[in-house]
A.B. asks: 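This structure is in structure tokens; I'll ask about it shortly.
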Amino acid sequence: MTTTQLPDKLVVDFDVYDQTLAMPEDVFQERAAELRAIGPVVYSTAHGGHWIVTRYEEIHQVLRDPETFSSYPNNLVNAGQGKFIPIELDPPEHTFYRQALQPLFSPKRMKELEPQIRDVINELIDAFVARGETEFISEFAHELPTRVFLALMGWPLEDAEMFTKTTDVALQGIPGGTEEESAKAREDAANQIFGYFGAIVAGVRSGENTSDSLTAQIINTPIEMEDGVRLLTDEELYRMFFLLLIAGLHTVQGSLAWGIIHLANNPGQRQEIVDDPDTIPAAVEEILRIEAAVIAGRRATREVELGGVTIAQGDQLIVLLCSANRDGGEFEDPDELRIDRSPNRHLSFGAGPHRCIGSHLARIELKLAMEAIHRRLPDYRLVPEDPPILHATQVRGCIRLPITFTPSS
């Protein structure tokens with residue numbers, strides 16, 4: 001069955017960049033469930049036409065087979081004005097870059113960051129805990145991964161707002177704008193951020209910046225590449241930093257927000273966490289499962305059968321990780337939040353060679369944040385008259401999340 005032979009029922013009206021999926025009410029998971037009920041693979045005419053893979057088994061198959069399903073382009077829109085490195089490279093080229101980054105994001109190295117991350121978390125909570133209310137995104141969920149990332153990279157904290165604006169545009173374009181306006185805004189944002197990276201790289205290469213930050217290590221470490229041992233070029237560094245920036249900031253922000261939303265709506269589960277903090281690592285995995293931020297893109301490198309359809313060479317696909325995580329064939333009662341769910345083989349960090357390299361850091365940030373939140377503001381509540389505002393795109397997330405709680409010191 002090819003695109004020209006598809007029955008009408010497999011052709012769906014679904015655009016992952018359509019903000020009505022998330023606003024004014026978030027219906028993304030509801031729509032994803034409808035697609036999943038139609039079949040494991042459906043077809044959308046949005047963005048020139050692409051396949052949507054909806055179920056766990058088929059998504060797992062796609063992610064583990066980079067020879068058949070190339071990771072470039074990963075985006076339906078040109079968010080980075082070129083390839084993100086290394087996510088949009090395939091093995092063996094991808095492997096060289098991945099091996100270079102792997103030691104820098106190892107579990108041991110990320111574990112060493114725990115005291116620093118814990119200090120940032122408590123400093124952020126200190127700023128609002130006495131008020132009994134906060135806009136959780138701007139005062140915590142965005143600030144935490146931003147501060148941790150900037151400290152890790154050795155970049156000035158005062159540049160956080162610029163990073164926020166440029167990555168928001170890269171992911172969301174111009175909300176309410178035309179496709180042309182969004183494309184122009186993305187190009188301008190990429191140029192601005194690449195200019196910033198250029199100054200950083202020049203400072204390290206010239207010896208002006210002598211820090212031992214992650215940035216300096218990436219720039220100064222020779223890497224065994226296909227063409228021999230060498231340093232990364234400026235262009236390679238820019239595209240690697242851009243990916244680390246977007247992946248580091250927005251995915252953790254979304255997971256923190258979803259954690260608060262789901263646990264506020266499930267006070268019994270929240271109380272279990274308050275009463276027994278040892279449940280938090282499992283709860284974090286369940287929060288990651290019930291809402292996955294990333295919707296990855298792939299391109300078929302050859303004609304292939306998948307989920308009962310024939311995908312032609314060159315066809316684009318997206319894999320709905322959030323849908324895989326709610327596939328009833330893989331998870332019992334998949335729409336229920338169960339903080340003791342085990343096993344929990346969610347795909348929120350992807351799978352295969354492109355699995356998220358920052359997963360260890362994300363887990364530590366989420367675990368420490370959940371510990372502090374449930375110790376210091378354990379009765380947090382959503383604000384019915386000012387509900388959460390979420391957004392769609394290939395990195396789903398939350399823009400605004402007001403909460404209230406009993407004030408404390």
Side-chain angles (χ1 to χ4, degrees), residues 1-18 21 28-29 31-80 82-84 86-91 93-94 171 243 247 251 292-327 329-330 346-356 392-396:
M1 188 185 303
T2 67
T3 52
T4 57
Q5 301 168 326
L6 275 179
D8 289 343
K9 71 174 185 178
L10 291 184
V11 181
V12 298
D13 177 19
F14 186 88
D15 178 359
V16 73
Y17 284 87
D18 179 1
L21 291 168
F28 200 101
Q29 291 283 19
R31 290 296 313 281
E34 293 171 0
L35 302 183
R36 196 167 60 243
I38 294 172
V41 184
V42 296
Y43 189 83
S44 169
T45 56
H47 302 284
H50 60 276
W51 301 94
I52 303 174
V53 192
T54 69
R55 296 183 186 171
Y56 190 100
E57 179 180 345
E58 285 76 12
I59 289 177
H60 207 199
Q61 176 182 340
V62 168
L63 295 176
R64 290 180 300 164
D65 185 1
E67 288 189 10
T68 305
F69 301 103
S70 170
S71 189
Y72 181 76
N74 204 284
N75 295 286
L76 294 174
V77 300
N78 190 7
K83 289 185 178 181
F84 286 108
I87 193 69
E88 289 192 305
L89 302 175
D90 297 312
E93 188 179 18
H94 168 269
L171 291 176
L243 173 64
T251 55
V294 174
I295 296 169
R298 293 293 188 269
R299 174 181 53 83
T301 61
R302 61 177 176 82
E303 183 177 290
V304 58
E305 297 288 327
L306 181 72
V309 303
T310 300
I311 294 173
Q313 180 180 3
D315 280 1
Q316 302 296 313
L317 308 87
I318 57 172
V319 293
L320 298 186
L321 302 184
C322 61
S323 179
N325 288 350
R326 295 203 187 191
D327 186 339
E330 181 67 24
H346 66 75
L347 295 179
S348 292
F349 292 121
H354 291 94
R355 188 180 185 281
C356 176
T393 76
Q394 286 185 253
V395 183
R396 303 169 58 228

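Model, not experiment: these values are computed from the prediction.
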A.B. asks: Would you please classify the geometry between the Tyr43 ring and the Trp51 ring as parallel, tilted or perpendicular, with 30° and 60° separating the classes?
C.D. replies: perpendicular

A.B. asks: Tell me if the CD atom of Glu57 is crowded by more than 12 foreign heavy atoms within 6.0 Å.
C.D. replies: no

A.B. asks: Test side-chain contact (heavy atoms from CB on, under 4.5 Å) on Leu347 and His60 and set out the steps.
C.D. replies: CA-CA 8 Å; Leu347 295 179; His60 207 199; 4.0 Å; yes

A.B. asks: Working to the nearest 0.5 Å, report the span between CG of Leu306 and CD of Gln61.
C.D. replies: 5.0 Å

A.B. asks: Does any non-hydrogen side-chain atom of Phe28 lie less than 4.5 Å from one of Ile295?
C.D. replies: yes

A.B. asks: Are the side chains of Val16 and Leu76 in touch, meaning some heavy atoms are under 4.5 Å apart?
C.D. replies: yes

A.B. asks: As an exercise, state the distance from CG of Asp15 to OG1 of Thr45, rounded to the nearest 0.5 Å.
C.D. replies: 9.0 Å

A.B. asks: What's the separation between atom CD1 in Ile318 and atom CD in Gln394, rounded to the nearest 0.5 Å?
C.D. replies: 6.0 Å

A.B. asks: Are the side chain of Asp315 and the backbone N or O of Ala312 linked by a donor-acceptor pair below 3.5 Å?
C.D. replies: yes

A.B. asks: Could you pull out the closest heavy-atom pair between Arg64 and Ala351, with the gap in Å?
C.D. replies: CG-CB, 4.5 Å

A.B. asks: So do Thr54 and Val41 actually touch side chain to side chain, heavy atoms under 4.5 Å?
C.D. replies: no

A.B. asks: Return the OG to CD1 distance between Ser323 and Ile52, rounded to the nearest 0.5 Å.
C.D. replies: 10.0 Å

A.B. asks: Taking side chain as C-beta onward, heavy atoms only, is Arg298 less than 4.5 Å from His354?
C.D. replies: yes

A.B. asks: Under a 3.5 Å threshold, yes or no: a donor from one side chain and an acceptor from the other, between Asp90 and Ser70?
C.D. replies: yes

A.B. asks: Regarding Ser44 and Asp13, do their side chains bring together a donor and an acceptor under 3.5 Å, going by distance alone?
C.D. replies: no

A.B. asks: Which is it for Tyr17 and Val77 under the side-chain contact (heavy atoms from CB on, under 4.5 Å) test, yes or no, and what are the steps along the way?
C.D. replies: CA-CA 9 Å; Tyr17 284 87; Val77 300; 3.3 Å; yes

A.B. asks: Give the C-alpha distance, both sets of side-chain angles, the deciding distance and a yes or no for side-chain contact (heavy atoms from CB on, under 4.5 Å) between Val42 and Val11.
C.D. replies: CA-CA 6 Å; Val42 296; Val11 181; over 6 Å; no

A.B. asks: About how many Å separate CD of Gln316 and NE2 of His47, when rounded to the nearest 0.5 Å?
C.D. replies: 11.5 Å

A.B. asks: Drop me the distance from Cys356's SG to Ile87's CD1, to the nearest 0.5 angstrom.
C.D. replies: 8.0 Å

A.B. asks: Indicate the atoms forming the closest heavy-atom contact of Glu93 with Leu89, along with that distance.
C.D. replies: OE1-CD2, 3.7 Å

A.B. asks: With the side chain counted from C-beta on, respond yes when Val309 and Ile311 share a heavy-atom pair under 4.5 Å apart, and no when they do not.
C.D. replies: yes

A.B. asks: So do the side chains of Lys83 and Ser71 get within less than 4.5 Å of each other, counting heavy atoms only?
C.D. replies: no

A.B. asks: Can you tell me which residue among Val53, Leu317, Thr301, Val319 is in a side chain to side chain contact (heavy atoms under 4.5 Å, CB included) with Phe69?
C.D. replies: Leu317

A.B. asks: Ring of Phe14, cation from Arg31 - is the NZ or CZ under 6.0 Å from the centre and inside 45° of the axis?
C.D. replies: no

A.B. asks: I'd like to know whether Gln29 forms a side-chain contact (heavy atoms from CB on, under 4.5 Å) with Arg326, so could you lay out the CA-CA distance, the side-chain angles of the two residues, the decisive distance to 0.1 Å, and finally the verdict.
C.D. replies: CA-CA 9 Å; Gln29 291 283 19; Arg326 295 203 187 191; 3.4 Å; yes

A.B. asks: Strictly below 4.0 Å, N to O, side chains only: are Glu58 and Arg55 in salt-bridge contact?
C.D. replies: no

A.B. asks: Do Glu88 side-chain atoms and Asn74 backbone N/O form a donor-acceptor pair below 3.5 Å?
C.D. replies: yes

